[in-house]
Amino acid sequence: MRDRQIHAAVKIVKNTIRQWEEPIVGVVARESRDPFQILIACLLSLRTKDHTTAEASQRLFSLADNPARMLKLPLKQVEHAIFPVGFYKTKAKQIHAICQSLLENFEGRVPRTIDELLTLKGVGRKTANLVVTVGYNKPGICVDIHVHRISNRWGYIQTKTPEESEQALRNKLPKKYWIQFNDWLVPYGQNLCRPVSPFCSQCPVSDYCDRVGVTTSR
DNA sequence: AAAACGGGGGC
DNA sequence: GCCCCAGTTTT
């Protein structure tokens with residue numbers, strides 16, 4: 001894919017995603033962009049299917065939707081609410097630890113910068129960037145496995161790891177496209193541009209795609 | 001660089 | 001039954 005074509009591709013896939021009305025992560029829909037819910041839902045979504053995350057975060061937020069209330073919730077109850085997402089003991093402890101840190105170090109608010117977010121245990125670059133872009137509407141590049149795969153499949157960048165992809169995209173992708181890029185690439189990767197056997201015949205941007213590493217088997 | 005964390009769903 | 005899944009931390 002040529003640099004110039006990325007702009008058209010952004011617009012085309014974005015319109016497609018709008019029709020699907022996908023949530024961004026878990027129960028966090030495009031209208032509701034509370035940083036705390038994005039942070040926690042993103043933590044729950046780790047190595048987990050999204051609809052599972054949606055149900056779990058729904059249950060959890062109905063019990064507590066801010067750091068102070070979350071800390072008052074017994075660990076057992078947090079574990080019970082999020083059980084189906086897997087890693088539930090680790091994640092429950094992380095959630096408590098994060099809420100404690102938010103109260104002690106950030107006046108009970110979710111911080112607004114990548115560096116501050118990265119001080120929280122369990123928060124990596126993907127989660128930090130998602131909070132900054134979706135929660136605070138500030139520029140950031142949120143690279144998960146889908147963004148990594150697709151931007152390389154298109155031939156827009158050539159990288160080995162998601163971390164390298166974030167750097168490459170920061171350098172190459174014009175800043176005005178960063179937030180849109182995050183918004184549509186993940187659901188696009190889930191529904192259409194799958195790891196194996198992607199639906200190229202239904203893809204709205206197949207004309208631009210280099211199809212790097214596309215296979216029909218593992 | 002690779003293991004470990006974990007239950008649910010697809011096949 | 002077996003293998004993968006919207007990552008991050010630890011060895």
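Just so it is clear: chains get the letters A, B, ... in the order the sequence lines come, proteins before strands, and each one is counted from 1. Please read all numbers here as calculations on a predicted model, not as lab measurements.
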- Give a yes-or-no answer on whether the side chains of A:S165 and A:T159 include a donor-acceptor pair shorter than 3.5 Å.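 Yes, a side-chain donor-acceptor pair sits under 3.5 Å.
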- Would A:S101 and A:N105 count as having a side-chain donor-acceptor pair, cut-off 3.5 Å?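 Yes, A:N105 and A:S101 have a side-chain donor paired with an acceptor closer than 3.5 Å.
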- Residue whose nearest DNA chain C nucleotide is more 5′ - A:K49 or A:A128: A:K49
- Residue pair A:L118/A:R47 against DNA chain C: nearer the 5' end by closest nucleotide is A:R47
Checking [X] side chain against [Y] main chain: does a donor-acceptor pair fall under 3.5 Å?
X      : Y      : value
A:R153 : A:P195 : yes
A:W178 : A:L173 : yes
A:R194 : A:S197 : yes

Nearest-angstrom distance from the residue atom [atom1] of [X] to [atom2] of [N]:
X      : N      : atom1 : atom2 : answer
A:L44  : C:dC5  : CG    : C1'   : 15 Å
A:L43  : B:dC5  : CG    : P     : 17 Å
A:Q94  : C:dT10 : CD    : C1'   : 12 Å
A:I95  : C:dT9  : CD1   : P     : 14 Å
A:K91  : B:dA4  : NZ    : P     : 18 Å
A:L120 : C:dG7  : CG    : P     : 19 Å
A:I82  : B:dC5  : CD1   : P     : 16 Å
A:E55  : B:dG8  : CD    : C1'   : 11 Å

[X] side-chain proximity, nearest of [options]:
X      : options             : value
A:L46  : B:dG6, C:dT8, B:dG8 : C:dT8
A:H51  : C:dC5, B:dG9, C:dT8 : B:dG9
A:K126 : B:dG8, B:dG6, C:dT8 : C:dT8
A:K89  : B:dG6, B:dG7, B:dG9 : B:dG6

- Task: Check every strand shown and say whether A:K121 touches a base, only sugar-phosphate, or nothing at a heavy-atom separation below 4.0 Å.
- Result: sugar-phosphate
Shortest non-hydrogen contact from [X] to [Y]?
X      : Y      : answer
A:L103 : A:A68  : CD1-CA, 4.1 Å
A:V85  : A:K91  : O-NZ, 3.6 Å
A:H7   : A:P174 : NE2-CG, 3.8 Å
A:H146 : A:G189 : ND1-C, 3.8 Å

- Contiguous pairing runs of three or more, Watson-Crick or G-U under 3.5 Å, that involve DNA chain B: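 For DNA chain B the paired stretches long enough to count as stems (3 pairs minimum) are B:1-4 with C:8-11, B:7-11 with C:1-5.
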- Please determine if a side-chain N or O atom of A:T48 lies less than 4.0 Å away from the OP1 or OP2 oxygen of B:dG7.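 So the side chain of A:T48 is outside the cut-off, no N or O lying under 4.0 Å from OP1 or OP2 of B:dG7.
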- Query: When you check the phosphate oxygens OP1 and OP2 of C:dT8, does a side-chain N or O of A:T127 lie under 4.0 Å from one of them?
  - Reply: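 For A:T127, the contact criterion (side-chain N or O under 4.0 Å from OP1 or OP2 of C:dT8) is met.
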- Pairwise P distance for C:dG1 and B:dC5, with rounding to whole Å: 23 Å
- Task: For B:dG6 and C:dT11, measure between their P atoms and round to the nearest Å.
- Result: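 Roughly 15 Å separates the two P atoms.
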- Query: With nearest nucleotides of DNA chain B determined for A:T52 and A:F87 from heavy-atom distances, which residue corresponds to the more 5′ nucleotide?
  - Reply: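 Residue closer to the 5' terminus by nearest nucleotide: A:F87.
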- Message: Quick check on contacts: within residues 136-161 of chain A, what sits under 4.0 Å from DNA chain C by heavy-atom distance?
- Response: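 Heavy-atom cutoff 4.0 Å gives A:D144, A:I145, A:H146.
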- Under the ring-ring contact (aromatic ring centres under 6.0 Å, His included) rule, what pairs show up with a residue in residues 96-122 of chain A, not counting sequence neighbours? none
